[in-house]
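Read through the structure below, which is laid out as structure tokens, and then see the notes.
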Amino acid sequence: MVDDKTSEELEFLRKEVKRLRESLHLLTPGIDVILRRRGFRIFRKEPSEDLLIPGVNFIDGYYAMLHKYSFRLFLRDIIRHQGFFTAEDVTKYTSLAVSNKYLDYLLDIGLIEMHSDGFSLARRPVKSFGETLEWYVAEIFRREFCTEAVWGVKFKRPGVGGDYDVIAKINGSLLYTEVKSSPPKQIFDTEVSAFLDRTHDLSPEISVFFMDTELRMKDKIVTMFEAELRKRHEHPPQVVRMEKELFEISGRIFIINAKDSIVSNLEKVLNRHFRR
């Protein structure tokens with residue numbers, strides 16, 4: 001059993017580790033500088049057209065709620081029915097009791113409006129959950145790992161296009177994360193190919209292909225990576241299981257899902273990379 005003195009010491013050590021991480025962050029170049037060294041300049045970042053987040057007073061609580069997989073699925077359902085819905089309409093991923101609890105919360109923070117016979121999104125239209133998920137992943141890097149992070153990044157690059165969903169600076173190294181809100185059945189080999197193209201062009205120390213799902217990655221996603229690597233290499237690197245549905249390629253490219261916790265899975269990626 002942990003006594004009060006031990007608890008105080010542990011809390012002191014947590015704060016000291018956070019302080020040292022922040023000091024290290026200030027002593028290393030920012031993301032813009034690291035990108036310029038690679039020949040990249042940010043053309044656009046962090047668009048807000050489809051961003052579904054509340055006012056600043058509610059951000060901390062909303063960030064905590066997004067840790068729940070069921071809440072993220074619920075928000076997808078809300079976006080799907082955004083013009084008008086009842087509590088019964090948004091129970092695809094939750095029970096009616098949980099749906100009512102989440103609706104009360106969204107009303108409190110101003111993301112939805114109540115009508116006489118149902119609800120609607122307060123700000124419409126929102127095309128997808130994608131921007132909000134990218135924002136959330138960037139917040140994880142900022143809050144949990146004390147890093148600089150940007151999301152929804154676009155460069156003017158010949159040949160390799162598309163958005164770089166999240167870019168973070170980790171101890172002076174560059175980390176690129178592709179963020180997918182779709183289930184595995186809606187992911188195609190062209191998306192895997194584009195991710196590997198962007199990884200090759202940007203040349204980050206760490207690349208992560210993240211899918212916000214608790215479904216298996218081995219059956220389809222890993223198979224597509226293996227097929228794409230065979231196209232690109234005479235002797236392709238192996239896709240190795242780290243644990244459960246977390247995989248790595250040569251200690252630099254990682255394939256992960258949301259099973260158990262996004263935060264803990266990203267922490268395992270960082271541990272794996274830096275311990276090598």
Side-chain angles (χ1 to χ4, degrees), residues 31 34-35 38-47 50 76 127-131 133-134 137-138 141 149-168 170 173-242 244-259 262 265-266 268-270 272-273:
I31 284 178
I34 294 174
L35 288 171
R38 288 167 162 80
F40 287 76
R41 291 181 183 271
I42 294 176
F43 170 65
R44 190 194 72 176
K45 66 179 179 179
E46 302 183 354
D50 293 311
R76 291 179 176 83
K127 287 183 291 188
S128 76
F129 184 61
E131 281 188 7
L133 186 60
E134 291 173 19
V137 173
F141 284 115
V150 290
W151 60 272
V153 178
K154 186 179 285 292
F155 304 106
K156 285 186 175 180
R157 296 286 293 177
V160 178
D163 291 344
Y164 288 72
D165 293 339
V166 178
I167 296 177
I170 309 285
S173 297
L174 205 61
L175 182 149
Y176 155 52
T177 303
E178 181 75 11
V179 177
K180 298 294 185 185
S181 59
S182 304
K185 66 180 180 181
Q186 295 179 16
I187 301 298
F188 301 98
D189 54 1
T190 52
E191 295 172 82
V192 172
S193 177
F195 166 73
L196 291 175
D197 286 344
R198 287 193 284 269
T199 293
H200 177 75
D201 194 40
L202 182 63
S203 191
E205 281 74 16
I206 310 171
S207 293
V208 181
F209 190 89
F210 162 66
M211 296 193 62
D212 191 20
T213 180
E214 293 190 347
L215 299 174
R216 284 169 55 89
M217 303 289 278
K218 176 67 175 174
D219 297 337
K220 180 180 180 183
I221 303 303
V222 169
T223 299
M224 287 196 295
F225 267 88
E226 290 171 335
E228 187 62 32
L229 290 170
R230 285 195 295 270
K231 294 178 185 176
R232 294 165 181 256
H233 303 277
E234 183 178 354
H235 302 289
Q238 298 297 303
V239 182
V240 178
R241 187 189 296 272
M242 292 167 51
K244 298 180 181 178
E245 296 304 307
L246 312 182
F247 300 84
E248 68 165 315
I249 304 168
S250 303
R252 293 174 63 93
I253 299 176
F254 297 85
I255 307 165
I256 68 172
N257 70 358
K259 184 69 174 176
I262 300 176
N265 288 347
L266 287 172
K268 289 170 184 175
V269 164
L270 297 177
R272 185 80 164 195
H273 174 78

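Hydrogens, waters and symmetry mates are skipped; everything else that's a heavy atom, side chains included, is used.
A donor-acceptor pair is defined here as one N or O able to donate and one able to accept, closer than 3.5 Å; such a pair exists between the side chain of N265 and the backbone of N257. Checking side-chain atoms of E205 against main-chain N and O of L174 turns up a donor-acceptor pair under 3.5 Å. A distance-only check finds no donor-acceptor pair linking the side chain of D197 to the backbone of V160 [under 3.5 Å]. Q186 places no side-chain N or O within 3.5 Å of a backbone atom of P183 that could act as its donor or acceptor partner. With R76 contributing its side chain and F129 its backbone, the two residues share no donor-acceptor pair below 3.5 Å. A donor-acceptor pair is defined here as one N or O able to donate and one able to accept, closer than 3.5 Å; such a pair exists between the side chain of K220 and the backbone of I187. In this structure, R232 contributes its side chain and S193 its backbone to a donor-acceptor pair below 3.5 Å.
Taking both residues in full, the closest heavy atoms of P204 and T199 are given as CD-O, 3.3 Å, listed atom of the first, atom of the second, then distance. Scanning all heavy atoms of the two residues, the minimum distance from K218 to E245 falls at N-OE1, 3.2 Å. Among all heavy-atom pairs drawn from V150 and E46, the shortest one is CA-OE2, 3.5 Å. Minimum interatomic distance between D165 and Y176 (heavy atoms only, all atoms of both residues): N-CE1, 4.1 Å.
Between L266 and F210 the shortest side-chain heavy-atom distance does not fall below 4.5 Å. Side-chain contact between I256 and V269: present, with at least one pair of heavy atoms (C-beta onward) separated by less than 4.5 Å. Between L229 and P237, some side-chain heavy-atom pair lies under the 4.5 Å cut-off. For the pair H200 and L196, the minimum side-chain heavy-atom distance is 4.5 Å or more. In this structure, the side chains of E178 and E191 stay at 4.5 Å or more apart for every pair of heavy atoms.
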Notebook entry, point to check: Can you list the steps and then say if L175 with L270 is a side chain to side chain contact (heavy atoms under 4.5 Å, CB included)?
Noted result: CA-CA 10 Å; L175 182 149; L270 297 177; 3.7 Å; yes

Next item on the list: Please step through side chain to side chain contact (heavy atoms under 4.5 Å, CB included) for the pair L202 and L35, ending with a clear verdict.
Entry: CA-CA 8 Å; L202 182 63; L35 288 171; 3.7 Å; yes

Check: So V166 and V208, side chain to side chain contact (heavy atoms under 4.5 Å, CB included) or not? Walk me through it.
Finding: CA-CA 10 Å; V166 178; V208 181; over 6 Å; no

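A distance of 9.0 Å separates CZ in R241 from CG in L246, rounded to the nearest 0.5 Å. Interatomic distance, I31 CD1 to K45 NZ, rounded to the nearest 0.5 Å: 8.0 Å. The structure places CZ of R216 at 12.0 Å from CD1 of I221, a figure rounded to the nearest 0.5 Å.
Within the structure, every pair that satisfies the side chain to side chain donor-acceptor pair (under 3.5 Å) test and touches residues 149-158, not counting sequence neighbours, is listed here: K154-D163, R157-D201.
For Q238, the CD atom counts as loosely surrounded, since its 6.0 Å shell holds 12 or fewer non-hydrogen atoms of other residues, nucleotides or ligands. Within 6.0 Å of atom CZ in R41, 12 or fewer heavy atoms from other residues, nucleotides or ligands are found, so the atom counts as exposed in its surroundings.
Ring pair F155/Y164 is perpendicular by interplanar angle, where above 60° counts as perpendicular and below 30° as parallel.
A ring-centre distance under 6.0 Å is found for F225 and F209.
Here R252 does not pair with E248 in a salt bridge; the nearest charged N to carboxylate O distance is not below 4.0 Å.
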